[in-house]
Amino acid sequence: MTYDFNSIEKKWQDYWAKNETFKASNNSDKPKYYVLDMFPYPSGAGLHVGHPLGYIASDIYARYKRHKGFNVLHPQGYDSFGLPAEQYAIQTGQHPAVTTETNIKTYRRQLDQIGFSFDWSREVRTSNPEYYKWTQWIFIQLFESWYNNETNKSEAIGTLISKFEVEGNATVNAACDDNIEPFTAEEWNNYTSEEQQSILLKYRLTYLAETEVNWCPALGTVLANDEIVNGVSERGGHPVVRKKMTQWSMRISAYAERLLQGLDTIDWTDSLKESQRNWIGKSVGASVSFNVNGYDDIIDVFTTRPDTIFGVSFMTLAPEHELVSKITTTEQKEAVEAYIEKTAKRSERDRMADVKTISGVFTGAYAEHPFSKEPIPIWIGDYVLASYGTGAVMAVPCGDQRDYDFAKHFDIAIPNIFEGADISEEAYASKDNVKITNSDFLNGMNYKKASKLAIYQLEQLGQGEGKTNYRLRDAVFSRQRYWGEPFPVYYVNGMPQMIDKAHLPIVLPEVEKYLPTEEGEPPLGRADVWAWDTKTNTVVSNDKINNITIHPLELNTMPGWAGSSWYFFRYMEDTINRGDAFATEDALKYWENVDLYIGGSEHATGHLLYSRFWVKLLKDRGFVTVEEPFKKLINQGMILGTSAFVYRIGFNVNIQPNDSKGVVLSKEEKEKVEPILEKYRFIKNRFYSKGLKKFFKKRIYSDMGSEVDENYVTHQKKMIEEDVENLKNELGLALNSFDKNYSINFNPLQPFSIFKTHVKVQYVNSSDELDIEGLKTDGEFGEDFKDAEFILEDGVYKVGRDVEKMSKSKYNVVNPDQIVEDYGADSLRLYEMFLGPLEQYKPWNTAGITGVHNFLKKLWKLYIGDNGLKVNNAQPTVDNLKTLHKTIKKVAEDIENFSFNTSVSTFMIAVNELTAQKCTSKDILEPLLVLISPYAPHISEELWDQLGNRDSISTVQFPIFEASHLVESSKEYPISFNGKMRFTLELPMDMSKDDIEKTVMAHEKTIAQLDGRTPKKVIVVPGKIVNIVG
RNA sequence: GCUGAAGUGGUGGAAUUGGUAGACACGUUGGACUUAAAAUCCAAUGUCCAUUAGGACGUACGGGUUCAAGUCCCGUCUUCAGUACCA
């Protein structure tokens, strides 16, 4: 019997599905363990070998935990709202729900064939109305909440209204908009309903506000900060501009401190926590108010260095600052306006890219120093960002490099307030090891003391206070897209109203086209049936809108992160109970939160921050009991593709007039010559093998002279002679017809250009040799290679290789389907783990899979011989037991440490040893299968079955390690001389230090090594090493 | 610039508290089996010197601590990732 992996894997996958082997129970005596993968977006391209990496790791862990006696929840689902399906819909007119369904089918088939132990009965899809009903419900909860800074948690909006009714807003300490006017209880009670609603919006955790958003014209939508990379959109790389729009926002900033503090309670990687800390960007300092001379206005600034208050020599406002136009003097008006116009034109991207250029204008106005009462000139400059802090800074050039550069550039005074600091070249930016001077009452103090006192004195003046600032901005929540969750919102007189929970879900309407309307409204603006009837509580036709009982519905949809911010709770609930709640109290109580979460690090500041925010809100409002969604998180590294390249060349030719005057070609002449030059600049149809590339690095053979070796010249000559001749002939013909004399010159430094083109990795074997015929007949490349000529080296065409991200456009994608068919899912699983540490980025190389595949064949042969099962009840030998228990120990440690690559090696060693030992003992081979089963479940189930077991191996107890089997009676001691190992010597384990020394010193090899010298010292570490010094 | 991670054979990688560097694989070379191929099995494989015995060098680079350093300390370089006028 041979190892027929295809039928074995099919058999067990069917068995697991039929018996619901991995269905989790919400009622169990066993301890719970929740293992979760970041759920995939089902793209049209299907899975490539990089995708399952994390799933395999989490599956091994889940299966291990089952062996360890845990009730394991290991679900999977789809993040099925998203841009690609919508883009596809725009192009083809196909409904995104249809393509999404097709893609999910492909994903499911691909996932199933890898043998994951998912509980599919709990699947979720964010685009299913029964799911997004609850996303809409959570949105309503956010709307119905405000953040009370006194209790440091969110409360129902009703508690805020009660306060307003009794005390007004003076005593309320809430996370809210900063432009709220104070009002009394009486005023509140006299406001119209609309005025009240408008005020409440400024307190709600999700609110409608006109915000500056990142508008991406190419995508026709708004993007969140984390969806922009280097000033362009993450998807597609389109430019992004600032634009004011009325949008739903999430008041995540209310949770900044708790999001920061919470990081200390969770087991995530340091780099991930650091990313979130940076994103939250807490800075502690003070706010200081400067009076503007001649006006009633004040300028508030935030500073982290209140101790340097006496070092202020100017102030800088962002060009967008609201006071600029008011305080600018007539003399400076023109310059200021010109500057504002100039900076407004510069895109955010330009401003970010160009950090070096210093620019700014004096407004002519002065502020008053709070202590010295000296006048301080007020400047504007675009190095101050309107969106951070108050959009104004107190500039302390001696202590801040940007202020320093600005002062130097505009020749503003740089007073030194640091004792003994040299500020002739740059600012002294460090807080440490320096005392304040020239600063009145702060003289002689260090940073800490001076800051404290400065804040105290500012408070006495009523011109400042201690303050903490966060970089974290509120998150824009509206998207001008079709394929996302509709908001459960309609508008009465422009004021948003929530639809009652009882009427959810509000289902995405049908539209004819998935594009924005001609008026620039989002795609939902095209829906004909998209109005809310408050009498019948149904969605009705738009033409019925009367703005009395029937109102327009919200046209935006929610962003991608809405559905993914809470899906981990949905899995906790069995499908049957999902109607009444997003998850029942019992389910939430039992599963609590995710014990292990595995996914990519690209979600560091998006999904992983927003989920934490929503969970904290749900906790505050009493819907869940946990403060954090993911206890432990591991980032799997990306599997990279090894791209293959073929090479083409071209000539860099110049045409020069023979007279020295350097007359250029006339227009007509140029027209004649250009096409010829173009033809040879890139010789399209000829491909050179990689090794021949080097012959094109240097000069053309004809002007090489004798300095170059024979080989070089002959090679190059052979290959390009014809081309050069043709080029010269064709050009010569053209040039001869001209009046002037021209000559053809190859660019002396770089006569050739080398071009590389991606080719499909499928046509390249493990020795980098290209299957030319396969490539030529590949339809996908069209005519590109059909008539091409391939110049070989040593009889073959060698491609160049480079490691890049796996992507369809780079032709380096490896599909797992083919691998599963050729080697089996168990081989794929083992190999993905064997590649290297989970967290690391690593290139894929299919050739190596034969190693793990051979291992599985050897494993099979250990159990099954030509005449069937070899396993018997033989008494295990000491060596058998040693091998087994060594393996148990190592594998258990590896899994706990997520070091899956090393356990695969351990299995190989174990099987190699047991094969050599000719082990047939069931007592050894049965537990070995349990060890291997999390990694290679199909073969393990099959052999387990053949050993006569009736039930699945999946919940069999993990073998128990017994140290007694590893106790050695002797040790192969390395004997080193001056730290260098020279030979080994087997000595009894219980031999004393002195005896070891005596035995070693008496050994002939020691004597030979020493060659008559007397050692200075002999180090003996029993059980470890002997080192002879001297 | 800042923050974080990393740098080990031809390749992926191993070495858990400082104690035999290169486990386990891939690849390569040679051999066995076969009419042949595939599959399988055996052997060699860090570099250099040497017929052998053996020796020298060797974990990015330069120093240091130690009987002993891939591992600890100081400095430098390179790569990758994140972030960036954040006051």
Side-chain angles (χ1 to χ4, degrees), chain A residues 2 229-230 269-275 277-279 281-283 285 301-305 308 315-316 318 351-358 381-385 387-396 399-403 405-406 469-472 601-602 604-605 635 637-638 642 766-767 801 830-831 834-837 839-852 854-855 857-858 861 890 893-894 897 899 901-909 912 972-984 1008 1015-1021 1023-1030:
Chain A
T2 52
V229 177
N230 296 328
T269 59
D270 288 338
S271 67
L272 199 55
K273 288 189 190 181
E274 199 56 33
S275 288
R277 282 194 194 105
N278 287 338
W279 198 258
K282 180 179 184 175
S283 42
V301 300
F302 174 75
T303 177
T304 52
R305 296 293 302 273
T308 63
M315 301 191 71
T316 316
R351 257 169 92 165
M352 282 202 314
D354 180 21
V355 179
K356 294 280 173 288
T357 315
I358 296 162
D382 67 1
Y383 79 98
V384 176
L385 303 179
S387 58
Y388 183 75
T390 60
V393 299
M394 59 173 229
V396 183
D400 181 287
Q401 193 56 42
R402 288 159 321 199
D403 295 344
D405 295 339
F406 195 87
N469 230 12
Y470 299 91
R471 194 181 81 111
L472 185 69
S601 56
E602 66 272 21
T605 50
N635 289 128
M638 200 184 288
T642 315
S766 57
S767 310
R801 311 227 66 168
L830 281 172
Y831 188 53
F834 188 62
L835 276 178
E839 298 91 336
Q840 208 163 292
Y841 279 57
K842 56 224 160 207
W844 178 268
N845 175 13
T846 304
I849 201 169
T850 53
V852 293
N854 279 340
F855 157 74
K857 284 200 255 184
K858 280 190 219 165
K861 277 197 224 158
K890 175 85 173 121
E893 280 169 6
D894 284 347
N897 293 322
S899 171
N901 55 325
T902 48
S903 20
V904 179
S905 307
T906 306
F907 294 140
M908 290 174 172
I909 294 166
N912 287 347
E972 185 104 341
Y973 276 93
I975 314 297
S976 12
F977 293 80
N978 296 320
K980 289 199 194 305
M981 207 279 289
R982 290 302 167 198
F983 61 93
T984 58
K1016 284 195 200 110
K1017 206 174 182 183
V1018 179
I1019 311 276
V1020 178
V1021 185
K1024 281 255 163 88
I1025 200 168
V1026 178
N1027 190 17
I1028 298 162
V1029 187

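Order of the sequence lines sets the chain letters (A, B, ...), proteins ahead of strands, with each chain counted from 1.
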Item to check | Nearest-nucleotide comparison on RNA chain B, the residue closer to the 5′ end among A:Ile1025 and A:Gly851 | outcome: A:Ile1025

Next on the checklist: Both A:Asp403 and A:Pro974 contact RNA chain B. Which one's nearest nucleotide lies toward the 5' end?
Outcome noted: A:Pro974

On a whole-Å scale, what distance lies between the [atom1] atoms belonging to [N] and [M]?
N: B:rC72; M: B:rU65; atom1: C1'; result: 8 Å
N: B:rG9; M: B:rA23; atom1: P; result: 13 Å
N: B:rG70; M: B:rU16; atom1: P; result: 13 Å
N: B:rG7; M: B:rG58; atom1: C1'; result: 15 Å
N: B:rC42; M: B:rU59; atom1: P; result: 33 Å
N: B:rU28; M: B:rU79; atom1: C1'; result: 28 Å
N: B:rC80; M: B:rG10; atom1: C1'; result: 23 Å
N: B:rU52; M: B:rG46; atom1: P; result: 15 Å

Mark yes or no for whether [X], through its side chain, and [Y], through its backbone, hold a donor-acceptor pair below 3.5 Å.
X: A:Tyr973; Y: A:Gly1023; value: yes
X: A:Arg982; Y: A:Ile975; value: no
X: A:Lys842; Y: A:Pro837; value: yes
X: A:Asp400; Y: A:Asp403; value: yes
X: A:Thr642; Y: A:Trp844; value: yes
X: A:Ser976; Y: A:Val1026; value: yes

Nearest-nucleotide pick for [X], side chain only, options being [options]:
X: A:Leu385; options: B:rG27, B:rC57, B:rC85; answer: B:rC85
X: A:Ser283; options: B:rA87, B:rC26, B:rA56; answer: B:rA87
X: A:Val393; options: B:rA87, B:rC24, B:rC57; answer: B:rA87
X: A:Lys861; options: B:rU40, B:rC26, B:rU16; answer: B:rU40
X: A:Tyr383; options: B:rC85, B:rC26, B:rA25; answer: B:rC85
X: A:Ile909; options: B:rG82, B:rC26, B:rC24; answer: B:rC24
X: A:Lys858; options: B:rC41, B:rA21, B:rA23; answer: B:rC41
X: A:Met908; options: B:rG27, B:rU20, B:rC24; answer: B:rC24

Checklist entry - Parallel, tilted or perpendicular: which describes the rings of A:Phe977 and A:Phe983, with under 30° parallel and over 60° perpendicular? => result tilted

For [N], what is the paired nucleotide under Watson-Crick or G-U wobble rules, both distances under 3.5 Å?
N: B:rC41; value: B:rG31
N: B:rG1; value: B:rU83
N: B:rU71; value: none
N: B:rA56; value: B:rU47
N: B:rG18; value: none
N: B:rC77; value: B:rG7
N: B:rA23; value: none

Checklist outcome for this item: CZ (A:Arg471) and CG (A:Asn278) are apart, to the nearest 0.5 Å, by 7.0 Å

So which protein N/O to nucleotides 66-71 of chain B N/O distances come out below 3.5 Å?
residue: B:rC67; atom: O2'; partner: A:Asn1027; partner atom: ND2; Å: 3.0
residue: B:rC67; atom: O2; partner: A:Asn1027; partner atom: ND2; Å: 2.8

Of all the heavy-atom pairs spanning [X] and [Y], show the shortest one and how long it is.
X: A:Thr304; Y: A:Ser283; answer: CG2-CB, 3.8 Å
X: A:Val301; Y: A:Thr390; answer: CA-OG1, 3.5 Å
X: A:Met394; Y: A:Arg305; answer: CE-O, 3.9 Å

Specify the separation, in whole Å, of atom [atom1] of [X] and atom [atom2] of [N].
X: A:Ile849; N: B:rG27; atom1: CD1; atom2: C1'; value: 16 Å
X: A:Tyr831; N: B:rG27; atom1: OH; atom2: P; value: 9 Å
X: A:Tyr388; N: B:rC85; atom1: OH; atom2: C1'; value: 12 Å
X: A:Glu839; N: B:rA81; atom1: CD; atom2: P; value: 18 Å
X: A:Ile358; N: B:rC85; atom1: CD1; atom2: C1'; value: 11 Å
X: A:Glu893; N: B:rU16; atom1: CD; atom2: P; value: 11 Å

Item to check | A:Asn897 CG: over 12 foreign heavy atoms closer than 6.0 Å | outcome: yes

Item to check | Conformer about C1'-N of B:rG46 - syn within 90° of 0, anti elsewhere | outcome: anti

Checklist entry - Hey, mind stepping through A:Glu274 and A:Arg277 against salt bridge (Lys or Arg N to Asp or Glu O under 4.0 Å) and telling me if it holds? => result CA-CA 5 Å; A:Glu274 199 56 33; A:Arg277 282 194 194 105; 3.4 Å; yes

Would you classify [X] as touching base, sugar-phosphate or nothing, given that sugar-phosphate means primed atoms plus P, OP1 and OP2, and contacts are heavy atoms under 4.0 Å?
X: A:Asn912; value: sugar-phosphate
X: A:Asn854; value: sugar-phosphate
X: A:Thr850; value: sugar-phosphate

Next on the checklist: Generate the contact string for nucleotides 2-15 of chain B. Rules: B means base contact, S means sugar-phosphate contact only, - means no protein heavy atom under 4.0 Å.
Outcome noted: -SS-------BSS-

Checklist entry - Are any of A:Arg471's side-chain N or O atoms less than 4.0 Å away from OP1 or OP2 of B:rA84? => result yes

